[in-house]
Amino acid sequence: MLDIQYVRDNPELVKQKSIQKNIQVDVDKLLALDAEIKSIQQNLESLRNQRNLLNGQISSKPNQEEIDKATEIKNKVIDLEKKIEPLNLEYNKILKSIPNMPLDDVPQGASEADNVVVKKVGEIKKLDFVPKNHWELSFADASIDKVRAAKIAGSRFVYIKGSLVELQFAIIQWTMHQLADERVIEKLIQENNLKLVSKPFIPILPPALINTKAYEATTRLDAEETTYKLSDDELWLNASAEHSLCNMYMDEIVDEKVLPIRYLGYATSFRREAGTYGKDTEGTIRMHQFDKLEMEIFSTPETGLDEHKLAIAVDEYLVKQLDLPYQLLQKCIGEIGKPNARGVDIEVWFPGQQKYRETHTADYMTDYQARSLRTRLRRQNGSVEYLHTNDATAFAFPRLLAAIMENYQTEDGHVIVPLVLRPYMNNKDQV
RNA sequence: GGAGAAGUGGCCGAGUGGUUGAAGGCACUGUUCUCGAAAAACAGUAUACUCGUAAGGGUAUCAGGGGUUCGAAUCCCUUCUUCUCCGCCA
């Protein structure tokens, strides 16, 4: 949610940026409602004040005159309350529909084509054979079985078997150890000239189900396209660990001293993927269910952007350690999400498909999400303000398994285990 | 799933219709005292919106929502949460 004061002060800018984000917003209507509500509210509060003063005067035995006077005020109050209620509903609806304002360095543009490639890192290996797609690779005891999964759950589900599972757990363990290592964090902070402390990430397993209120407050609930709802309960299936991590401190004021809070969450994530029919039907790039390691960071406003850069640095570090060629994209205004002020994607090279595919996203929400969640921080001097939130993929499976399979495949259909993962794979060099 | 108990400020806890945003304690902040600290004394310490240059006002909030009443933390209804016991269960 945006600060109403910001909308009052910058109506034209808000209109312009909303249009650039492809989001329809009636700012004029909002400001008209704002003024109308304010005016009624002032009358209402003045009446309530009269009522309170009167009640203060009335003793234990009010006379009829006092009761009549109080009743008259009471009825006026009820009238105004009835009048203001629908206005408030509409006001909140419009205010919530306004997207976050992009930072100045977010490129203009409406679609994927306008995302800017910031850099390409890592050398694309020249293979002396034609690389296969990950779904064509089935090696040793490992396999990706979507046919049987379709019988059980439908399309976009999968059985992943054998050493691929071992590989996934190796990556989880290794990632957790990297992000819990202050030396790694400190190194990334130094290399990127960030003004941050080297506090490590805390591994966390969040709930997989989220109630409607908490989900709506994340500003991430997309009932039509993304999120599964349980039919018998007021609960939704998590579409990302972020969705049950960012709201962890909902309605709380945390002490400035505890910030930043950096979590590395792991959750099975569920997405309806409505509107993606026909896209990525082969392979395991786009699934209804996938496991994901996700970074979630709570910070002060002044360090929010650097935390965002840290998350990106962590992503690059992890991908580099796995020696996967990638490109870093800065997403354009139309492509960063509604709550985002800035967004960056990492796309890893998939040799079987001969293209880069999105594997990571880092999102910076400034105070937009925190305002909706009412997650605030208390400064040393006692003042209170909204904190800033960041989220970023650490690794998303099985997309990442697919990337490793395609990049590390051998001609005879095996997959070489990336060096850093071998200690977590019983020192196997290939599977 | 069944039966019962309970939800008050950062924490503990008083408060069963009339200046209760809410006693008291703890914690925290400041001042005094001290070389410094501890202790002690004194003062201060919720959030949101709103009026005001400010000082300082106003309104709302005692889990959420609704109701009764001139007046609700207090009475009634309802939802949620927590705890205890039974049942089931990874």
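Each chain gets a letter, A, B and so on, in the order its sequence line appears, and its residues count up from 1.
No side-chain N or O of A:Gln380 forms a donor-acceptor pair with one of A:Glu256 less than 3.5 Å apart. With hydrogens and angles left out, the side-chain atoms of A:Ser269 and A:Asp291 include no donor and acceptor closer than 3.5 Å. A:Asp9 and A:Gln5 share a side-chain donor-acceptor pair at under 3.5 Å. For the residue pair A:His288/A:Tyr228, the side-chain donor-acceptor check at 3.5 Å is satisfied.
If you take CD of A:Glu252 and C1' of B:C11, they are 14 Å apart, rounded to a whole angstrom. Following rounding to the nearest Å, A:Lys74 (NZ) and B:C70 (C1') show an atom-to-atom distance of 8 Å. As rounded to whole Å, 14 Å separates atom C1' of B:U79 from atom CG of A:Leu235. A straight line from CD of A:Gln50 to C1' of B:U59 spans 13 Å, rounded to a whole angstrom. Rounding to whole angstrom units, CG of residue A:Asp255 and P of B:U29 are separated by 11 Å. Atom P of nucleotide B:C28 and atom CD of A:Gln380 are separated by 14 Å, given to the nearest angstrom. Whole-Å rounding puts the A:Glu81 CD to B:A60 P distance at 9 Å.
When the P atom is used for both B:U81 and B:C26, the distance is 36 Å, rounded to whole Å.
An OP1 or OP2 oxygen of B:U59 is reached within less than 4.0 angstrom by a side-chain nitrogen or oxygen of A:Asn49. A close approach under 4.0 Å does not occur between any side-chain nitrogen or oxygen of A:Asn52 and OP1 or OP2 of B:G18. At B:C70, none of the side-chain N or O atoms of A:Lys69 fall inside 4.0 Å of OP1 or OP2 (strictly under the cut-off). Regarding contacts with the backbone of B:G58, every side-chain N or O of A:Arg51 stays at 4.0 angstrom or more from both OP1 and OP2.
Base pairing of B:G44: its partner is B:C28, meeting the Watson-Crick or G-U wobble criterion (both donor-acceptor distances under 3.5 Å). The partner of B:U20 is absent, by the rule that a Watson-Crick or G-U pair needs both atom distances under 3.5 Å. Applying the Watson-Crick and G-U wobble criteria (two distances, each under 3.5 Å), B:A55 pairs with nothing in any strand. Judged by Watson-Crick or G-U wobble contacts below 3.5 Å, the nucleotide B:U81 has B:A6 as its partner. B:G71 makes up no base pair with any nucleotide shown, lacking Watson-Crick or G-U wobble contacts both under 3.5 Å.
Using a cut-off of 4.0 Å between Lys/Arg side-chain N and Asp/Glu carboxylate O, A:Asp105 and A:Arg342 are scored as salt-bridged. We find that A:Glu234 and A:Lys229 are joined by a salt bridge, their nearest charged nitrogen and carboxylate oxygen being less than 4.0 Å apart. Salt bridge present: A:Glu90 and A:Lys29 bring a charged side-chain N and a carboxylate O closer than 4.0 Å.
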Got a list of protein N/O to nucleotides 46-50 of chain B N/O distances below 3.5 Å?
from, atom 1, to, atom 2, distance (Å)
B:U47, OP1, A:Arg378, NH1, 2.9
B:U47, O3', A:Arg376, NH1, 3.2
B:U47, O2', A:Arg376, NH1, 3.2
B:U50, OP1, A:Arg8, NH1, 3.4
B:U50, OP1, A:Arg8, NH2, 3.2

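When heavy atoms are screened at a 4.0 angstrom cut-off, A:Asn211 is found touching no nucleic acid atom at all.
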